[in-house]
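Read the numbers this way: they start at 1 and go in the same order the structure lists the ligands and their atoms.
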Amino acid sequence: MERVSIPTTTPAETLARTLDFFKQHPVSAIGLGSFGPLDINPKSPHYGFITHTPKAGWAQTDLLGSLTRVLNIPISFTTDVNASAYGEKSATGVENLVYFTIGTGIGGGALQNGAFIGGIAHAEMGHQFVKRHPDDTAFPGICPFHGDCLEGVASGPAIEARAGRRGETIPEDDETWEILAYYLAQAALNATLTLAPEKIIFGGGVMAQQHMLARVRKQFSQLLADYVTLPSALTDYLVLPVSADNGSATLGNFVLAREKSYQR
Ligand code: ZN
């Protein structure tokens, strides 16, 4: 009915604008999918907080509490990638899937039998460790915590730091893309070996480059070496989101909000 996009600036400004929107457009429940790391353990004293993010000003922000105290409605709270995974489940009916976003950061959300995975916290698939590409050993990676974890070598800012220019300006035949596909193929391989999903979905700005998915499929196939029999053809197994324009999280958040309002 109404759509708004609010830039992420300071917590105070961003949350004030968010609250203004919902004061003008009252709703009975909200699905909130946020960048992390988040405290999603309802038993924790810091449930609903963004925790130790490197994003300036946002560490230890009580995101859920800031909205709940003012709006006083049920709010489902999870990561942006979990919300995306949920949206893809709703759109396709597939209940065992992994959703990766490759953009300014890398994150992964997974569903098993329709439910989020995770015990004490949400998964952190973006920070998994990967084997370095032989032609990429000079690049130290940019993750402030781990250097050359997956996000440190394959996110949008990592591409820019390695090449000295933005990804959109790098030609399609540049080796950068093969290096990147090697890392994303490993993320898909690790997800296949650890979670045995029916589908792995790659979303986010970097995957908007039309040639990327084919490169990832090819390298994934080589790395897998037929060790696992896939549940479907490779072209149905490693896929882009069915929701257009990065809409998976929005769809997932609507479904999560509806489920949350039923629980009340
Ligand atoms: Zn990391």
Side-chain angles (χ1 to χ4, degrees), residues 8 11 33-41 44 46 49-61 63 77-85 98-110 116-164 166-167 170 176-195 197 200-207 209 212 215-216 219-220 223 238 246 249:
T8 305
S34 173
F35 67 87
L38 308 175
D39 187 335
I40 58 165
N41 177 2
S44 158
H46 292 117
F49 278 53
I50 293 174
T51 58
H52 52 273
T53 178
K55 205 182 277 271
W58 284 86
Q60 308 307 329
T61 295
L63 187 56
F77 183 67
T78 193
T79 60
D80 42 11
V81 278
N82 269 353
S84 294
V98 176
Y99 184 102
F100 284 107
T101 185
I102 319 294
T104 53
I106 295 183
F116 295 128
I117 62 159
I120 52 163
H122 57 79
E124 285 284 5
M125 298 183 212
H127 292 266
Q128 63 186 279
F129 283 32
V130 287
K131 243 196 254 186
R132 296 304 300 273
H133 190 285
D135 296 341
D136 190 41
T137 52
F139 179 58
I142 59 157
C143 175
F145 298 96
H146 315 113
D148 63 353
C149 67
L150 178 63
E151 181 171 290
V153 295
S155 59
I159 298 168
E160 191 173 339
R162 180 191 289 110
R166 290 185 60 80
I170 300 171
T176 294
W177 303 118
E178 280 303 307
I179 292 171
L180 190 67
Y182 182 65
Y183 296 134
L184 300 181
Q186 289 182 63
L189 179 76
N190 293 341
T192 300
L193 298 176
T194 53
L195 296 167
I200 298 176
I201 299 149
F202 280 100
V206 171
M207 296 307 292
Q209 306 255 2
M212 273 311 294
R215 291 181 197 273
V216 175
Q219 297 213 39
F220 170 81
L223 292 170
L238 295 187
N246 265 328

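Between M207 and L184 the shortest side-chain heavy-atom distance falls below 4.5 Å.
For the Zn ion (ligand 1), protein N, O or S atoms under 2.8 Å: 4 in total.
Distance alone, capped at 3.5 Å, is enough to place a donor-acceptor pair between the Q128 side chain and the M125 backbone.
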Expected list for residues 141-153: side-chain donor-acceptor pairs under 3.5 angstrom, two or more places apart:
from	atom 1	to	atom 2	distance (Å)
H146	ND1	H127	ND1	3.3
D148	OD2	R132	NH1	2.8
E151	OE1	I106	N	2.9

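No donor-acceptor contact under 3.5 angstrom links the side chains of Y182 and D136, judged on distance only. With no hydrogens or angles considered, a side-chain donor-acceptor pair links E178 and Q219 at under 3.5 Å.
Here CD1 of I159 is found 6.5 Å from CD1 of I170. Values are rounded to the nearest 0.5 Å.
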